[in-house]
There are 4 protein chains.
Amino acid sequence: MPLSELAPEEDRAPRRGRRKEARPGELLDAALDLFVEKGFAATRAEEVAARAGVSKGTLFLYFPSKEELFKAVVRENISGRFAEWEEEFKSFEGSTADMVRYCMRVWWERIGSTPASGITKLIISEARNFPDIAAFYQQEVIRPANQLIRRILQRGVERGEFRPLDIEYAVFSIVAPMVFLIMTKHSLGACVPQEYPLDPQRYIDAQLETLLQGLCVRPAAGGRP
Amino acid sequence: MPLSELAPEEDRAPRRGRRKEARPGELLDAALDLFVEKGFAATRAEEVAARAGVSKGTLFLYFPSKEELFKAVVRENISGRFAEWEEEFKSFEGSTADMVRYCMRVWWERIGSTPASGITKLIISEARNFPDIAAFYQQEVIRPANQLIRRILQRGVERGEFRPLDIEYAVFSIVAPMVFLIMTKHSLGACVPQEYPLDPQRYIDAQLETLLQGLCVRPAAGGRP
Amino acid sequence: MPLSELAPEEDRAPRRGRRKEARPGELLDAALDLFVEKGFAATRAEEVAARAGVSKGTLFLYFPSKEELFKAVVRENISGRFAEWEEEFKSFEGSTADMVRYCMRVWWERIGSTPASGITKLIISEARNFPDIAAFYQQEVIRPANQLIRRILQRGVERGEFRPLDIEYAVFSIVAPMVFLIMTKHSLGACVPQEYPLDPQRYIDAQLETLLQGLCVRPAAGGRP
Amino acid sequence: MPLSELAPEEDRAPRRGRRKEARPGELLDAALDLFVEKGFAATRAEEVAARAGVSKGTLFLYFPSKEELFKAVVRENISGRFAEWEEEFKSFEGSTADMVRYCMRVWWERIGSTPASGITKLIISEARNFPDIAAFYQQEVIRPANQLIRRILQRGVERGEFRPLDIEYAVFSIVAPMVFLIMTKHSLGACVPQEYPLDPQRYIDAQLETLLQGLCVRPAAGGRP
DNA sequence: GATGAATGAGAATTCATTCAT
DNA sequence: GATGAATGAATTCTCATTCAT
């Protein structure tokens, strides 16, 4: 048995033949990056393949067309974690303000700061070229996300922590700053270095401060925001 | 005197034939629409020409390349109105909360609700393909806009109307909802009809409500903003 | 009678409306220059018009197509002077060597040094794209020219001035240096300045020297070269 | 051992399919032919591809643009054989007249009669559209060629075989007939069949006869040339 | 399975030619 | 007659996709 076979595959020079099962994933990662960076139309299939370390032909071995690759990228990066999050929130013990804080921070940790955040920019940029993908994303991500936030706001109002709200539209007070942060990160933030990137902690703190004071009932005096 | 003579010349210009003066504008309008809708790469030059009612060749008579057309679209739609707005705000008499309200509403009227709003989506989507245009836009639009808002917030804080703020980042509490509204309008909002479009008045009112309560000092008691 | 009419037309500012009858000629001159410089296909009709100081439309007013313009250029620059030259030579009194000298020098004066020399380069470059023009040129220019030279050589041989020659092919001993000089002038000579242009007098003298010694009978005795 | 194994590999290569090694050469050959025939501008890239038996796309796989193809054609057909020829001449034993004869005949065999001769017509026709290529050709081909001929003439003069010459310009007495023969072959000669083609042996013999008698010292006495 | 040479439909761009003014 | 805005056929070049190896 040659020594080379003892080393884990990826530790060896990955010149050729990496873990086979990993290829589609690497292609999807590369595709996400490039689609986010340049848009669907301006991304060349060969570039995706090159970044994934395979040849052009291999890309089409796993995905029948560039469009199918796009769909797979969206599917792959759709957070299917809403059920899990609903659970976390159902058993949440603290104040609703804390829920909102937790919500934004955990979102940043698990989504916003990861490459998956790019999917948001991608969908926004490409929605009108792929209306069915857009509808799918609306269905699978945006609607559940909004629903989750709506429940939080409802809880706040019901428990007398938040003032009466136009809940349907108040949702966007939470969503907009998150979307804005992502858009910034993936567009201007990636190419106008003297002004960006924003500091995400400071950004989220600043938004939360104003947001929560804006949502909470104004007490004779107020607890910490 | 026939009524028709009251109409400005260009309204009676021949639908086809010589109209050198009008062409570039029509092409820029068509291009803005299509670039916003499909992105730069996915928009065919011939489509732009067709939408402007001219032939492919005519487009290249006025713009030496598709890329120059893109740049011209951005240049054309850059709001050079910040000086004017600064003026309006300098002489503003009311409360700073009213300034913020005025700011968002007037923005919607003059920018958000017009086709020019598309430029924001366009820049965000294409920034990384056109970094110099992005830098230019940052310089000419974003920086002055942020500066304007920063001044408003400063005024609020200085006059004791707003609580102490991380002004640099508090700016985004005003910008984010506006950008989000535009993005919605130009992406999902244009292709997932069952959930959109948002009602802009209601949206702006809801955001202002939370935003202003979030910014203002908490009074012992307070009239609603 | 207005004063302006006294001045010769071309002396006045030729901003607009030059001598009408002159236009086709100016177009032909411009076209010859540009066709020689860049070739037929690489010359744009608008450039020809611009160099002639008229608009694109005017060009097509005088010549129904770019190809017809080309044909007119060739026709215009065809030396119809062979009859006249035949005459000159018929009554020529001196030695045949002097005829040859006279021939090359007069050719340089009347053709080689003028813009009309470009037609040779043009024909050589474009012959295969315009075989009928090539045939026409062969018929109208090359054949008579060769005929003229053939007669000179014949005279030299008949009078015992020249040695016996393969007259048909000896013609090229006179033609080749002239064609070469023109080709040099209009191609490399126009763009490799450190080696060119050749000095035409010196060139012609050098060629004549060798040529005539080569043609003349060797005075006393001589091994074949 | 089967005979077929003696044939070089590329002779047995499949007419279609993978032939990366052979493609550029085939394309260059096709391009040389067509550029010589029709000129650079009038030759369509697709035609070149078709003549090489491949598709449009394949051409651009090997050459990034039509202009680079042109440059490659010139580079490919530049005779790098001057060193070798210098060698042949250095060790030449016979008379200088024989050298001149050998020179023209060997030139016809190795260059003039091959497709590579087209490069001369190509350069002359396109020099002004590609001045840098022209300069390169001047540098790499014309200058060494002239140098070679200059040395021959010098040898003739030094050994008392040739009369005193304006060597710089006498070079053209050898070059001009060769260039003329090539130009004839590739332009009128290819499209006015009733007068052409010239018989190269007869042409070269006729030129040599006159040329050498013109160069050699006149044996006993001499009338003025 | 993987590759990359080859393909050809499609997009940007050019430019001869037309024609309303 | 002259103009130059407009046209669209023709051309260069790109790139998703195929397929022989």
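Because the structure is a prediction, the values reported are computed rather than measured.
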Would you be so kind as to tabulate the donor-acceptor pairs closer than 3.5 Å made by side chains of residues 30-42 of chain D, with sequence neighbours excluded?
| from | atom 1 | to | atom 2 | distance (Å) |
| --- | --- | --- | --- | --- |
| D/Lys38 | NZ | D/Glu47 | OE2 | 2.7 |

| message | Please check: side-chain N/O of C/Thr58 versus main-chain N/O of C/Leu61, any donor-acceptor pairing under 3.5 Å? | response |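 Judged by distance alone, no pair lies under 3.5 Å.
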
| 5'-most contact on DNA chain F: D/Ala41 or B/Ser55, nearest heavy atom basis? |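 Looking at DNA chain F, the more 5' nearest nucleotide goes with B/Ser55.
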
| task | Hey, which sits more toward the 5' end of DNA chain F by its nearest nucleotide, B/Gly57 or D/Pro64? | result |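 Final value for this comparison: B/Gly57.
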
| task | Check whether any side-chain nitrogen or oxygen of C/Tyr62 sits under 4.0 Å from OP1 or OP2 of F/dA2, and answer yes or no. | result |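 Yes, because at least one side-chain N or O of C/Tyr62 sits under 4.0 Å from OP1 or OP2 of F/dA2.
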
| message | Only Watson-Crick and G-U wobble pairs with both distances less than 3.5 Å should count. Give DNA chain E in dot-bracket notation, marking inter-strand partners with |. | response | .||||||||||||||||||||

| task | Flag the pair B/Phe136 / B/Asp132 as yes when at least one side-chain heavy-atom distance between them is below 4.5 Å, and no otherwise. | result |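 B/Phe136 does not reach B/Asp132 side chain to side chain.
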
| said: What is the separation between atom CD on A/Glu46 and atom P on F/dA16, rounded to the nearest whole Å? | reply: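 It works out to 9 Å between those atoms.
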
| message | Could you tell me how far apart D/Leu27 (CG) and E/dT7 (C1') are, to the nearest whole angstrom? | response |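 To the nearest whole Å, that distance equals 14 Å.
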
Nearest to the side chain of [X] - [options]?
| X | options | answer |
| --- | --- | --- |
| A/Leu61 | F/dT7, F/dC15, E/dA2 | E/dA2 |
| C/Phe60 | E/dT18, F/dT18, E/dG10 | E/dT18 |
| D/Lys56 | E/dT13, F/dT12, F/dA16 | F/dT12 |
| B/Arg23 | F/dA6, F/dT7, F/dC15 | F/dA6 |
| A/Ala45 | E/dT3, F/dG4, F/dA16 | F/dA16 |

| field | Along DNA chain E (nearest heavy atom to each residue), the more 5'-positioned of D/Leu59 and C/Glu67 | value |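 Its nearest nucleotide being more 5', the pick is D/Leu59.
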
